[in-house]
Every structure is written in structure tokens, then in C-alpha cells.
Amino acid sequence: YIPSTIIFIIVFLTASREAICFSLKLSSLTLDRTMPFSLSNEFKNYGIKFLIFGVAVFFSALVDTLLSSSVLKYFNL
């Protein structure tokens, strides 16, 4: 159970950091002193990163399922 939990925590913290950075970029657009920048490229990168995060979480859940099923076969439930 530990390997999948570690993977999930790392992905969760990285995704949180990316979400905060993108939110700060969006909020900087409301300030008058900021120069406009290409938000479409930023959003594309943001979407690709979260797709990768989703795949990593899926594989973490798959590892957790495989480990759980391999351990549970030794118990009569």
C-alpha cells in the first residue's frame, strides 16, 4: 500500500503547485500593471500536465488494487 500512497502524494502535491501557479497567472491578468501574455499556451500546458497527473493517479490506483488483491487471497473472507 505504501508505494501507491507515495505516488499519489507526490502527484497530488505537484498538481496542487501547478494549480496555484496557474491561478496566480490568471489573477495577475486583473492587475493594470501586468503585460498581457498568451494564456492559450499556458492553458494548453496546464491541461497536458493535469492529463499526465491523471494517468499517474490511475496507475497508482492500479498498483494499489494489484497489491491489495495479492495480499487478500491469503485471507479467508
Side-chain angles (χ1 to χ4, degrees):
Y1 304 128
I2 297 299
S4 60
T5 304
I6 291 171
I7 293 170
F8 177 75
I9 289 171
I10 290 170
V11 169
F12 182 75
L13 291 174
T14 307
S16 298
R17 182 190 63 179
E18 292 297 324
I20 289 171
C21 288
F22 191 71
S23 295
L24 289 173
K25 287 179 183 178
L26 284 177
S27 65
S28 72
L29 291 175
T30 61
L31 300 174
D32 293 332
R33 293 175 280 154
T34 59
M35 296 287 292
F37 56 90
S38 176
L39 194 59
S40 63
N41 286 338
E42 294 290 329
F43 186 72
K44 180 180 173 185
N45 291 337
Y46 180 77
I48 289 171
K49 287 178 186 177
F50 269 84
L51 182 64
I52 293 169
F53 295 151
V55 169
V57 167
F58 172 77
F59 282 118
S60 172
L62 186 63
V63 167
D64 191 32
T65 302
L66 293 174
L67 288 174
S68 295
S69 65
S70 68
V71 170
L72 285 177
K73 69 181 178 182
Y74 295 111
F75 297 101
N76 262 343
L77 298 176

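Source: prediction; values computed, not measured.
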**Q** Can you list the residues that meet the ring pair (Phe, Tyr, Trp, His ring centres under 6.0 Å) rule with Tyr46, with sequence neighbours excluded?
**A** Phe22, Phe50
**Q** Would you call Val55 and Phe59 a side-chain contact if the rule is heavy atoms closer than 4.5 Å?
**A** yes
**Q** Applying side chain to side chain contact (heavy atoms under 4.5 Å, CB included), can you list everything that pairs with Leu24, at least two apart in sequence or on another chain?
**A** Ile20, Ser27
**Q** May I have all residue pairs that pass side-chain hydrogen bond (donor to acceptor under 3.5 Å, both in side chains) and include part of residues 8-17, sequence neighbours excluded?
**A** none
**Q** Could you state the interatomic distance from CG (Leu26) to CZ (Phe43), rounded to the nearest 0.5 Å?
**A** 9.0 Å
**Q** Could you tell me which residues satisfy side chain to side chain contact (heavy atoms under 4.5 Å, CB included) with Leu66, sequence neighbours excluded, listed by chain and number?
**A** Leu62
**Q** Sequence neighbours left out, what pairs pass side-chain hydrogen bond (donor to acceptor under 3.5 Å, both in side chains) with at least one residue falling in residues 48-59?
**A** Glu18-Lys49
**Q** Among Thr5, Ile6, Val11, Ile7, whose side-chain contact (heavy atoms from CB on, under 4.5 Å) with Ile9 holds?
**A** Thr5
**Q** Determine which pairs satisfy salt bridge (charged side-chain N to carboxylate O under 4.0 Å, His left out) with at least one residue from residues 3-14, sequence neighbours left out, and list them in order.
**A** none
